[in-house]
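Below is the structure I would like to discuss, written out as structure tokens.
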Protein chains: 2
Amino acid sequence: MATPSEELAEMDRVIHEPARLALTTALLSCDGADFLFLQKLIGLTKGNLSSHLNKLQTAGIVAITKSGAGRTARTWVALTDEGRAATARHWKRLDQLKHLAENGLPDQAPYEE
Amino acid sequence: MATPSEELAEMDRVIHEPARLALTTALLSCDGADFLFLQKLIGLTKGNLSSHLNKLQTAGIVAITKSGAGRTARTWVALTDEGRAATARHWKRLDQLKHLAENGLPDQAPYEE
DNA sequence: AGCATAAGGTTTGCACCGCAGACTTAAGGA
DNA sequence: TCCTTAAGTCTGCGGTGCAAACCTTATGCT
């Protein structure tokens, strides 16, 4: 049985951060989304969203495609295959952690050597 | 239907942080636990655990009881009623967010005014 | 008794992070 | 041409997590 510490060690903080968890989770249900769509959906400022997307892109979780420029610019965001897998994995870990609580700990407190 | 942004706004970051999520979730399944027990369980340094517990205590999520001193010191940690409720609430929000992805978004990308 | 040792926690210092808001770029209308 | 406005990017700052140094006090040893 995995201990919480093992779950923790494997927890992807890039994905776990609330805004990014919402982003990746939202993208899980579609092929991709527009910058503005995501902004309205998640409720972030443009600056914030941009920085979160950069972080996700750097981590290889999303792919970003730009078209147009100036007033016609459009930024399209989609999960990479890796990102889709990582997001699913993250939810799986969260579920496992939750089940630990539901099913009780293997060796209850207080701690004995 | 709640949008991800509403879920986000309500997401308790004190609880969401991985180490503290593991702590509160572990405590959910028992009446309380020993400092050392939690340390081994979650795999944190003493300093870190102490600081996380302080944050949780300040937020009214856990109650901390100390007995002994020096070498015989023991620190007992338990969720407060509020903390138990808050942790349960947090898991509920995470579930709601996850279901958004499973069931698809209400208005899929791209965004139109 | 006196001193060394070690267990149990706390505090500190630092590097990183998320956020809001200022700034930049460039298309289109008058 | 000049002004407006959409679409992103960049910057500064307050807050956060982490490891490691530090403090406090019981117990073992002589």
Inset, instruction - For B:Asp34 and C:dG9, give me the distance from atom CG to atom C1', rounded to whole Å. - result: 12 Å
Inset, instruction - Figure out the NZ/C1' separation between A:Lys40 and D:dA6, and round it to whole Å. - result: 11 Å
Inset, instruction - Would you tell me if any nitrogen or oxygen in the side chain of A:Arg13 comes within less than 4.0 Å of OP1 or OP2 on D:dC18? - result: yes
Legend entry - B/S/- contact track for nucleotides 23-30 of chain C, protein heavy atom under 4.0 Å: ---SBS--
Legend entry - Heavy-atom donor-acceptor pair, B:His90 side chain to B:Ala86 backbone, under 3.5 Å: no
Legend entry - A:His52: partners by ring pair (Phe, Tyr, Trp, His ring centres under 6.0 Å), with sequence neighbours left out: none
Legend entry - Spacing between B:Leu21 atom CG and D:dG17 atom P, to the nearest angstrom: 13 Å
Inset, instruction - Tell me which residues in residues 48-68 of chain A put a heavy atom below 4.0 Å from DNA chain D, sorted by number, or none. - result: A:Ser50, A:Lys66
Inset, instruction - Find the distance B:Leu23:CG to D:dC18:C1' and express it as a whole number of Å. - result: 15 Å
Inset, instruction - Calculate the interatomic distance between A:Gln39 atom CD and D:dG8 atom P; express it in whole Å. - result: 9 Å
Inset, instruction - Among D:dC18, D:dG8, C:dC19, find the nucleotide with the atom closest to the side chain of A:Ala19. - result: C:dC19
Legend entry - C:dC19 OP1/OP2 closer than 4.0 Å to side-chain N/O of A:Thr45: no
Legend entry - Rounded interatomic separation in angstrom, taking CG from B:Leu38 and P from C:dG8: 14 Å
Legend entry - Rounded interatomic separation in angstrom, taking CZ from B:Arg74 and C1' from D:dA26: 11 Å
Inset, instruction - Take the C1' atoms of the five end pairs on each side of the helix from C:dA1-D:dT30 to C:dA30-D:dT1, derive the two axes, and give their angle rounded to 10 degrees. - result: 10°
Legend entry - Contact list for residues 54-63 of chain B, test side chain to side chain donor-acceptor pair (under 3.5 Å), sequence neighbours left out: none
Legend entry - Nearest-neighbour nucleotide for the A:Glu17 side chain, D:dC18, C:dG18, C:dG8 considered: C:dG18
Legend entry - Selection residues 60-69 of chain A - residue pairs positive for side chain to side chain donor-acceptor pair (under 3.5 Å), sequence neighbours left out: none
Legend entry - A:Asp95/B:Lys98 ion pair, N-O < 4.0 Å: yes
